[in-house]
Novice: 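Take a look at this one; I'll ask things after.
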Amino acid sequence: MEFGWSEEDLTFRKEVRAFLDVELSDSWAGPTAVLGSPENVAFSRRFAAALAQRGWLTPHWPVEHGGSGASSWQHAVLGEELWSIGEPRGPQYMNVNWIGPSIMRYGTEEQKRYHLPRIAQGDVIWCQGFSEPEAGSDLAALRTRAVRDADEYVVNGQKVWTSYASVADFCYLLVRTGEEGSRGRGITVLLVATDLPGFEVRDVGSVVGDHAFHEVFLTDLRVPVSCRLGPENEGWEVVRSALSYERVGAPRWARAQYVLEQLAAWARERGELETPWVQERFGEARAATEAARMLFYLVIDERQRDQPQSPNANLARIAMVEAERLVGRLAGDLLGPAGLETGTIADSSLRKSMAAGVAAGTYEIQLNIVARQVLGLPKS
Amino acid sequence: MLFELDADQRAVVESVERILAVHAGPARARELGGDQPRYDRELADLLRGQGFLGFAFEEGAGPLEAALVVESVARAGGVVAAGAEALVLPGVDAGATAPAPVALAVAGSTAPVRFAADAATLVAVGDDEAVLVELGPADVKRIESRFGYPMATVHRWEGRSLGPGSAATVRAWWRVAVAVEVCGAARAALDTTVAHVRERQQFGRALGSFQALQHRLAECEVLIQGARWMALEAAWSGAEVERSAAAAVQALRAGERTFWDTHQFSGALGFAVEYDLHLWTMRLPALRAELLSIGRPASALTTARWSGAS
């Protein structure tokens, strides 16, 4: 056991920082960026292409798929550096962290040839067609139906809360191909181009950010069977493996630390950093982000050592939610009424942290997993 | 970065655990007086005799191994001042020649001090300077306390100065040591409670199958694990000021939650001295009070990080 960075990783971090200093010099909105806004998406497309050119969009991918075979630690360093300035990759983190790896693992040669280079070059944006009006945390209850018709699936149904659907080129779509009530045994994954007829997107207004969510209506959408990822009715396994990447994929604690630094600068300027309650709350929030950092590293360490997937990813997620909430609450309390103005650090932080415990598997689902798999408590 | 023990560390932890399996644990804690225990000279001698309380702090080794020992002792309910002896003293007085046992106190305080009744050396921390005080039986007065440690007030404060500015170093190591102890005690309390709610049947089902309990216990698990890794990293860093304060903040939260929730879910049984839980939980308020006595760690963290002082 030891907690030092290798020389190699330290050098890598320096290179990443130097690159970001240049690439983000004056065009990046930082922590108040509105994720999913047209400006944000346009920026992320340019930025992802620049990252790709440097070999840093998919550094952890195998070389044959456009990666550079970097270690899990370097992947983590890159994620940390990007999240610590507000995640300028925007939607790309989904592609590179789990959609790409999922295609590598379950895709046909043709799917790999078609999709992986596009993702590795930063040319495409994906969205994930998971949640439905009647299937949120209980994803296995999804109803969107796909019926085989010769060489095609005909898809009918509805997805909701789909981030980036309005700008996405492709959708990683979960559909039911099994009997009604077949739960996890009757789900299939389709890789769908969003410009196909029958794929209709509508914005859902939201208080956590404009352009954050969408509804997707699928009406007689015809998807070639060649777009199926993995075997029919075995999509649940495909998705579970994909989600294991997503659960800890984003080092959101790094953004929380960044926001905390901004808040500290705000407080210092106004002489508030000496106020006892302010000191107390900054210390608590900072410590919570550090706890999340250590649990995130615990997962990266497992990954680097090729250990089987464990509930440590769920522990890390829980700690990250806690950290984001403490920072969000502090932002609101510190700025007071001034933070109610749109675009302020408190406005942005408070509204972003509201989503922390909901996106990518709710806080309560994570607690259930820890209760069962770590503490060994019986099912309720 | 490596989160699993290397071969040497595993050997240390396994040896210490073997000693603790025979010479510590609930039965031994009861023999020593339960919630009002005597200092365990026999255990301290065994650990000290094999070098487990006196790692030399050198480049890349020492404090982390010492922290692992302190954690094991706390988890086993050992009544030994392992944190002060194995982490604080070597951290603040390189080549430590001061005699053990070691106690830690805020200079001039009239409050009870853990292990002072039996300590040969007291590390007394003032605003700027810390001093090493040689303690004799006439310098302390045992007091009654039911919070799991032998306690005494201290009546002698003159000693050898550790130099100007040494108080900050002492506070940092002290925070690391107590954070590790909190994590060890909280871990044992949580494990005990999880075992209880898995077995205990009410309303025709195991208590632990109720989600209301599951979520709170899972949150305790996350808090304890987070605090533990932070405390170990802080030890590894040589009690770097920010890391030590952050570890203390998180340990306070973990200890607080574990204290209230483990008792809540153990019902009246948790208050019974014949049941083990109190052997760990009653120490948590003592450790908390001690941590807070040297300045609120959250404020210390904020000051160190954003105001450039400790």
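This is a predicted model, so every value here is computed, not measured. In the text below, chain A, chain B and the rest are named by the order of the sequence lines, each starting its count at 1. As a basis for the values below, the full set of heavy atoms in this structure was taken, side chains included, without hydrogen atoms, waters or symmetry mates.
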Novice: With a cut-off of 6.0 Å (strictly less than), are more than 12 heavy atoms of other residues, nucleotides or ligands near CD of B/Q201?
Specialist: yes

Novice: Write down the atom of B/G208, the atom of A/L377, and the distance for their closest heavy-atom approach.
Specialist: O-CB, 3.6 Å

Novice: How close do B/A246 and A/A287 get, counting heavy atoms only, and between which atoms?
Specialist: O-CB, 3.7 Å

Novice: Within the supplied structure, the quantity of interest is the number of heavy atoms (other residues, nucleotides, ligands) at a distance under 6.0 Å from A/E8 CD; does it exceed 12?
Specialist: no

Novice: Checking the side chain of A/R293 only, and the main-chain atoms of B/M230 only, is there a donor and an acceptor separated by less than 3.5 Å?
Specialist: no

Novice: Only pairs of heavy atoms separated by less than 4.5 Å count here; which of B/E233, B/Q250, B/R205 has the most with chain A?
Specialist: B/E233

Novice: Which atoms of B/Q9 are under 4.5 Å from chain A, going by heavy atoms: the side chain, the backbone, both sets, or neither?
Specialist: side chain

Novice: Taking atom CH2 of B/W260 as the centre, does the number of heavy atoms from other residues, nucleotides or ligands within less than 6.0 Å exceed 12?
Specialist: no

Novice: Mind checking the CE-CD spacing from B/M1 to A/E2? Nearest 0.5 Å is all I need.
Specialist: 7.5 Å

Novice: Using 30° and 60° as the class boundaries, would you call the ring planes of B/F3 and A/Y297 parallel, tilted or perpendicular?
Specialist: perpendicular

Novice: For B/R253, is it the side chain, the backbone, both, or neither that has a heavy atom closer than 4.5 Å to a heavy atom of chain A?
Specialist: side chain

Novice: Measure B/E242 against the heavy atoms of chain A and call it side chain, backbone, both or neither at under 4.5 Å.
Specialist: side chain

Novice: Within the distance-only criterion (no hydrogens, no angle test), does the side chain of A/R268 pair as donor or acceptor with the backbone N or O of B/W306 below 3.5 angstrom?
Specialist: yes

Novice: Tell me if a side-chain donor or acceptor on A/E274 pairs with a main-chain N or O of B/T303 at a distance below 3.5 Å.
Specialist: no

Novice: Can you say whether A/N368 sits under 4.5 Å from chain B via the side chain, the backbone, both, or neither, judging by heavy atoms?
Specialist: both

Novice: Compare all side-chain heavy atoms of A/Q366 with those of B/V222 and state whether any distance is below 4.5 angstrom.
Specialist: no

Novice: A/L298, A/L273, A/D9: which one forms the most heavy-atom pairs within less than 4.5 Å of chain B?
Specialist: A/L298

Novice: Would you name the heavy atoms of A/V370 and B/A218 that are closest together and state the gap between them?
Specialist: CG1-CB, 3.8 Å

Novice: Return the minimal non-hydrogen interatomic distance between A/D301 and B/E4, and the atom names on each side.
Specialist: OD2-N, 4.2 Å

Novice: Between atom OG1 of B/T302 and atom CD of A/E280, what is the distance when rounded to the nearest 0.5 Å?
Specialist: 8.0 Å

Novice: Without swapping roles, check the side chain of B/S209 against the backbone of A/P378 for a donor-acceptor pair under 3.5 Å.
Specialist: no

Novice: Would you say that A/Q279 contacts B/R296 through its side chain, given a criterion of any heavy-atom pair below 4.5 Å between the two side chains?
Specialist: no

Novice: Shorter than 4.5 Å, heavy atoms on both sides: which option in A/G376, A/S6, A/A265 has the most such pairs with chain B?
Specialist: A/G376

Novice: Heavy-atom pairs under 4.5 Å with chain B - which of A/E284, A/K379, A/E364 has more of them than the others?
Specialist: A/E364

Novice: Which region of B/L223, side chain (C-beta onward) or backbone (N, CA, C, O), has a non-hydrogen atom less than 4.5 Å from a non-hydrogen atom of chain A, or is it both or neither?
Specialist: neither

Novice: What is the distance from atom CG of A/L367 to atom CD of B/Q211, rounded to the nearest 0.5 Å?
Specialist: 8.5 Å

Novice: How far does CG of A/L375 sit from CD of B/Q214, to the nearest 0.5 angstrom?
Specialist: 8.5 Å

Novice: What's the spacing between B/R10 CZ and A/M1 CE if we round to 0.5 Å?
Specialist: 10.0 Å

Novice: Hey, which residues of residues 285-295 of chain B are touching chain A, say heavy atoms under 4.5 Å apart?
Specialist: none

Novice: Please step through salt bridge (charged side-chain N to carboxylate O under 4.0 Å, His left out) for the pair B/R305 and A/E261, ending with a clear verdict.
Specialist: CA-CA 10 Å; B/R305 178 154 194 87; A/E261 294 298 324; 2.7 Å; yes

Novice: Above 12 or not: heavy atoms from other molecules or residues under 6.0 Å from CG of B/D127?
Specialist: no

Novice: Need one label for B/L2: side chain, backbone, both or neither, based on atoms under 4.5 Å from any heavy atom in chain A.
Specialist: both

Novice: Counting heavy-atom pairs under 4.5 Å with chain B, which one of A/E322, A/E302, A/Q304 comes out on top?
Specialist: A/E322

Novice: Pick one of side chain, backbone, both or neither for A/R281, based on which atoms fall under 4.5 Å of a heavy atom in chain B.
Specialist: neither

Novice: What residue in B/E219, B/R216, B/R243 has the most heavy-atom pairs under 4.5 Å with chain A?
Specialist: B/E219

